[in-house]
Amino acid sequence: MASSCSRKPSICRVFLVFLFLAYRCDAFYLPGSYMNVYSSEDPIFAKVNSLTSIETELPFNYYTLPYCKPPGGVKKSAENLGELLMGDQIDNSPYRFRMNVNETVYLCTTEPLSEVQVKLLKQRTRDLYQVNMILDNLPAMRFTEQNGIKIQWTGFPVGYTPSNSEDDYIINHLKFTVLVHEYEGTGVEIIGTGEEGMGVISQAEQKKASGYEIVGFQVTPCSVKYDPETMKKYDMLQNITHVDCPKELEKSQIIREKEQVSFTYEVQFVKSDIRWPSRWDAYLRMEGSKVHWFSILNSLMVIFFLAGIVFVIFLRTVRRDLTRYEELDKESQAQMNEELSGWKLVVGDVFREPECSKLLCVMVGDGVQILGMAVVTVVCTAFGFMSPASRGMLLTGMIILYLFLGIIAGYVGVRAWRTIKGTSEGWRSVSWSVACFFPGIVFVILTVLNFILWSSKSSGAIPISLYFELLALWFCISVPLTLLGGFFATRAAEIQFPVRTNQIPREIPSRKYPSWLLILGAGTLPFGTLFIELFFILSSIWLGRFYYVFGFLLIVLSLLVIVCAEVSVVLTYMHLCVEDWRWWWKAFFASGSVALYVFLYSIHYLVFELQSLSGPVSAILYLGYSLIMATAIMLSTGTIGFLTSFYFVHYLFSSVKID
């Protein structure tokens, strides 16, 4: 053993280090964010995110309003790609807490409010803008009561307008409650990833690890009128006497020109039994969850039942046709072809090149890319690899996945082109089109929406630098990978059609009803599998709620794939039975038509659920993002239907004996 180690010292060292680490590690933990442990009186600084409103959906920077700024100046936190695209702008703040120290603190007194500042404060108050504060990566949570029901919110309002008054009042005093859990180091080595990056609490930091961890962050806002001359005598972060929130409007701070506003806060630390891994449970708790779960389960049962019936009927019908056809000899088959109508008569036309075949191949390639991104993302979130504590990571992960899945998109698009055309000529053009089709649509829509955000001076506008970064990612990663995938497709084995195509197209019999009605009707079944989840997803995006039932989303996505495949195959078979051999595009839109219902449902949600949404700018933003979502759904679901129908038709006519 010693001689072996002397011959390969590097391998032995690595092995010994591995054994040492394995011995030292008692546990491994991947929570989604790094756990901070504080000792008593350790300073903790809160951060502030963009101001948001469910009425306008236009985020604005926190310091666009006359709030107190930190002594060292405003410093932006490092933000990932997803945070920038979502309009998050996280800055430092003057709010300083000391672990386990209950105190009331003075911040600052503003200069007399100008006309512009008063107008802006009133507008933000009337538009129901919320201040989003973060402590140890936890958003501030607020509780209110309406009709005896306790409602949970994240953030607190800029101000409020009493029902019996036309004046507006600013929130200038905050009562914070910080829930802490006493943590004692047990020799556990902890590895975490999140906004702090990757970190390890090792045995060497045992003393530091023993302390308190923050497991809750609650706020109660109120408005207090102070004497500005008295308050100016205090220094920033100096302790003051306890402040009670007044109930009388006369003792509240009105928003008025020439008024000076003093900002204060108090903090109380409360010990809690909540452990650090469970601290997000309070944010993910959803009212009416029983109704939510029952509705989803009921929908799944109905869809499974209908899909099962369709699948059984379909199998029996096709199997009977094939059995009868194959039991006949060649002369009888020829006689049967002359006497009978149906899919057997379109043998010479079923694989005829469709109209706009290049566009079809491009859309199928993009659909595979979007579908792959959606499946991997939902699987990762369902198994807990993407935590809500890691802001923007979901969107960042989706973009990275989409970029690297370009190689599959190029492969599928060019492979479909070779199959339809029978040659690889023009594959570069197809690959370029695949790389630019859907991203180009998104780019155009985002550019129009970005001009609207720029004109509104919203922090949600994408910076020019980020535009160039996205373009660089697009052309330096996605486009080359798509071209590489297309090149691989030219070297792959050809997919041979089982039957020959006649030179003269067969005439298609006329029908009483147009086929597009059947295609539109087919989209209702896939829509039935996802419209309940769609409601909760839209609520999480536009009403600021957390969406957390990714396990059910994975089930719904799997069910959607199955239903789209079945609906498209059945519709393709129905068209072939009436001697309509133009099945290519119809197979795509049979399942892709669900996107139309998604977009119509989005409009319904805008009219009936987002009634507070004000102004044409907000409506245009909503419809623009909904259009992007509907386009992605059309491409992905249409691709499922097309590929399934293609392999079904290929298998169907491969099973028939043709001279």
Side-chain angles (χ1 to χ4, degrees), residues 81 85 353-377 395-396 398-450 462 464 466-495 584-585 587-589 592 595 624 627-643 646:
L81 182 61
L85 290 175
E353 180 182 347
E355 297 179 354
C356 304
S357 56
K358 181 180 178 181
L359 178 60
L360 178 63
C361 297
V362 169
M363 294 174 71
V364 169
D366 279 333
V368 169
Q369 191 174 7
I370 296 169
L371 181 64
M373 175 195 69
V375 170
V376 175
T377 302
L395 185 56
T396 303
M398 291 174 66
I399 293 174
I400 293 174
L401 281 172
Y402 182 83
L403 292 174
F404 283 96
L405 287 173
I407 188 169
I408 299 178
Y411 180 86
V412 174
V414 173
R415 192 78 188 275
W417 172 258
R418 283 187 63 200
T419 302
I420 294 175
K421 286 288 187 178
T423 177
S424 299
E425 186 177 353
W427 70 270
R428 292 182 182 85
S429 175
V430 175
S431 298
W432 271 101
S433 300
V434 170
C436 299
F437 180 73
F438 179 69
I441 294 174
V442 174
F443 183 80
V444 170
I445 296 176
L446 286 182
T447 301
V448 173
L449 298 181
N450 216 44
I462 302 175
I464 292 293
L466 184 58
Y467 252 100
F468 285 109
E469 290 177 12
L470 292 174
L471 288 174
L473 290 173
W474 183 6
F475 283 105
C476 295
I477 297 179
S478 182
V479 172
L481 286 177
T482 307
L483 290 171
L484 182 62
F487 174 77
F488 287 154
T490 61
R491 298 295 185 267
E494 294 185 9
I495 300 177
W584 304 81
W585 280 107
F588 185 92
F589 285 114
L627 184 60
I628 293 176
M629 178 181 65
T631 304
I633 291 175
M634 180 198 68
L635 292 174
S636 55
T637 54
T639 297
I640 296 169
F642 171 79
L643 292 178
F646 175 80

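Residue numbers count from 1 along this sequence.
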Within the side chain of [X], is there an N or O that forms a donor-acceptor pair under 3.5 Å with the backbone of [Y]?
X    : Y    : answer
R415 : A492 : no
W474 : G440 : no
E494 : R418 : no
W417 : S357 : no

Original post:
In terms of the angle between their ring planes, are W585 and F589 parallel, tilted or perpendicular, with boundaries placed at 30° and 60°?
Top reply: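 Ring orientation, 0 to 90° scale: parallel.
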Subject >> F487 vs S431 side-chain heavy atoms within contact, under 4.5 Å >> reply: no
Original post:
Does some side-chain heavy atom of L446 sit less than 4.5 Å from a side-chain heavy atom of L470?
Top reply: no
Original post:
Any idea which heavy atoms bring L483 and W427 closest together, and the distance?
Top reply: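 Distance-wise, the nearest heavy atoms are O-CZ3, 3.5 Å.
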**OP:** Heavy atoms only: give me the nearest V434-C361 pair and the separation to one decimal.
**Re:** CG2-O, 4.5 Å
Subject >> Residue of the set I370, V362, I441 for which side-chain contact (heavy atoms from CB on, under 4.5 Å) holds with L635 >> reply: I370
**OP:** Taking atom CD of E353 as the centre, report whether more than 12 heavy atoms of other residues, nucleotides or ligands fall under 6.0 Å from it.
**Re:**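 Above 12, so yes.
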**OP:** Take atom CZ of F437 as the centre, draw a 6.0 Å sphere, and report whether it contains more than 12 heavy atoms from other residues, nucleotides or ligands.
**Re:**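 Yes, the 6.0 Å shell around CZ holds more than 12 heavy atoms from other groups.
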**OP:** List for me each residue that meets ring pair (Phe, Tyr, Trp, His ring centres under 6.0 Å) alongside Y467, sequence neighbours excluded, and say none if there are none.
**Re:** F443
